[in-house]
Protein chains: 2
Amino acid sequence: MKTKFRCSCPITSTVDIIGDKWTLIIVKQMLTEGRKTFKDFIESEEAIASNILSSRLKMLEEFKIITKEKLPDNKKTNIYTLTNKGVDLMPIIAELSIWSDKHVREFHSELYSGEALDIVKNNKEGFIQKTIEDYKLENWK
Amino acid sequence: MKTKFRCSCPITSTVDIIGDKWTLIIVKQMLTEGRKTFKDFIESEEAIASNILSSRLKMLEEFKIITKEKLPDNKKTNIYTLTNKGVDLMPIIAELSIWSDKHVREFHSELYSGEALDIVKNNKEGFIQKTIEDYKLENWK
DNA sequence: AGCATTACTTGCATTACGCAAGTAAAATAC
DNA sequence: GTATTTTACTTGCGTAATGCAAGTAATGCT
């Protein structure tokens, strides 16, 4: 997986990295669903295939968006953790959810409506900061 | 091109629509580069292939993100215009540029640094609103 | 010791993307 | 008014990304 940048446009270059069907979904699952192991991701609602997951985790590590480590008392389970670069994707994820709530519902009536959506709509910046803070407290011990 | 939604998560559903290599690039070109015809997009720096462009424009029309029309004095050139749903993608695009400026530069040293980036960093909300306003004034006559 | 779990890899089918060429209709040039 | 160019595509084909099912190796659990 060698990412080639199409040009020098910052927007296009970000899409070159995270512009696929799975990368942001994995980051979302880490930030908002507490997933951190291979198994966690495999068992998610979106049902990513294990080969795709494997290649994406590798790519995310290469770009320093996540780190991979083992806990001292378990030599089997890998723990994937978002770096600062990774949690900084939260504003993008928040905007995706806002756009969805406003414009996707029309085409997808079963879209989830929950408390988190109301919070992000009423206090976007606060929600982003709190999600990041909570993630760090829980995972950056 | 039939978009199937993977699940009821708002974030995942937005990625189901715009999560590919080209969709957001086309929207960016409309909002920030003034492109509006097939030719405009073909001639862009990113150099999209004409068959991909064609299929994306169709998809964007189906999702009501853009409209297609002809000017009264020209029966050949189609004008593509962002709808309200389309311009509402601007916050996502702004966040992509911010993340890029902060975290992509490390891997892509030729990344463009321009006035627009400074503006978006200093006054994100203002920049988003002004870009949308300017687009509407120019294209929604 | 034996079974289950975790984190993968491998093989193959399908869908997305990239490149080159071709086409039809309208606009422009002569 | 005929010829050339322009615009907006489509078609064909090769490569890359994704999806699905099965297999594997090492660790942890009983």
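Looking only at distances, a side-chain donor or acceptor of A:Lys85 sits under 3.5 Å from a matching main-chain atom of B:His103. Here the side chain of B:Arg35 pairs no donor or acceptor atom with the backbone of B:Met30 at under 3.5 angstrom.
Within residues 43-53 of chain A, the residues that have a heavy atom under 4.0 Å from DNA chain C are, in order of number, A:Ser50, A:Asn51. The stretch residues 20-38 of chain B touches DNA chain D through B:Thr37, B:Phe38, each having a heavy atom within less than 4.0 Å of the strand.
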Which donor-acceptor pairs under 3.5 Å do side chains of residues 107-118 of chain B form with protein atoms, sequence neighbours excluded?
residue	atom	partner	partner atom	Å
B:His108	NE2	A:Cys7	O	3.0
B:Ser113	OG	B:Arg105	NH1	3.0
B:Ser113	OG	B:Arg105	NH2	3.4

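We find that A:Lys39 and A:Glu43 are joined by a salt bridge, their nearest charged nitrogen and carboxylate oxygen being less than 4.0 Å apart. Taking a cutoff of 4.0 Å between a charged side-chain nitrogen and a carboxylate oxygen, A:Lys102 and B:Asp88 qualify as a salt bridge.
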query: Between A:Gln129 and A:Glu133, is a side-chain hydrogen bond (donor to acceptor under 3.5 Å, both in side chains) present by the stated rule, with each step listed?
result: CA-CA 6 Å; A:Gln129 289 316 315; A:Glu133 282 309 305; over 6 Å; no

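Where A:Ser54 and B:Asp73 each meet DNA chain C at their nearest nucleotide, the meeting point lying more 5' is that of A:Ser54. Sequence order on DNA chain D of the closest nucleotides to A:Gly19 and B:Ile79 puts B:Ile79 first from the 5' end.
The distance between atom NZ of B:Lys58 and atom P of D:dA8, rounded to the nearest whole Å, is 14 Å.
Out of D:dC9, C:dC8, D:dT7, the shortest distance to the side chain of B:Lys68 is found at D:dC9.
Neither OP1 nor OP2 of C:dA4 sits under 4.0 Å from any side-chain N or O of A:Lys39. For C:dA26, neither phosphate oxygen OP1 nor OP2 lies less than 4.0 angstrom from any side-chain nitrogen or oxygen of B:Asn74.
Looking only at atom types and distance, the side chain of B:Thr23 has a donor-acceptor partner in the side chain of B:Asp20 under 3.5 Å away. In this structure, a donor-acceptor pair under 3.5 Å is present between the side chains of A:Thr37 and A:Asp40.
No side-chain heavy atom of A:Glu46 sits less than 4.5 Å from a side-chain heavy atom of A:Ile48.
A:Lys70 comes within 4.0 angstrom of nothing in the nucleic acid, heavy atoms only. Counting any heavy atom pair closer than 4.0 Å across all strands shown, B:Tyr80 reaches sugar-phosphate atoms only and no base atom.
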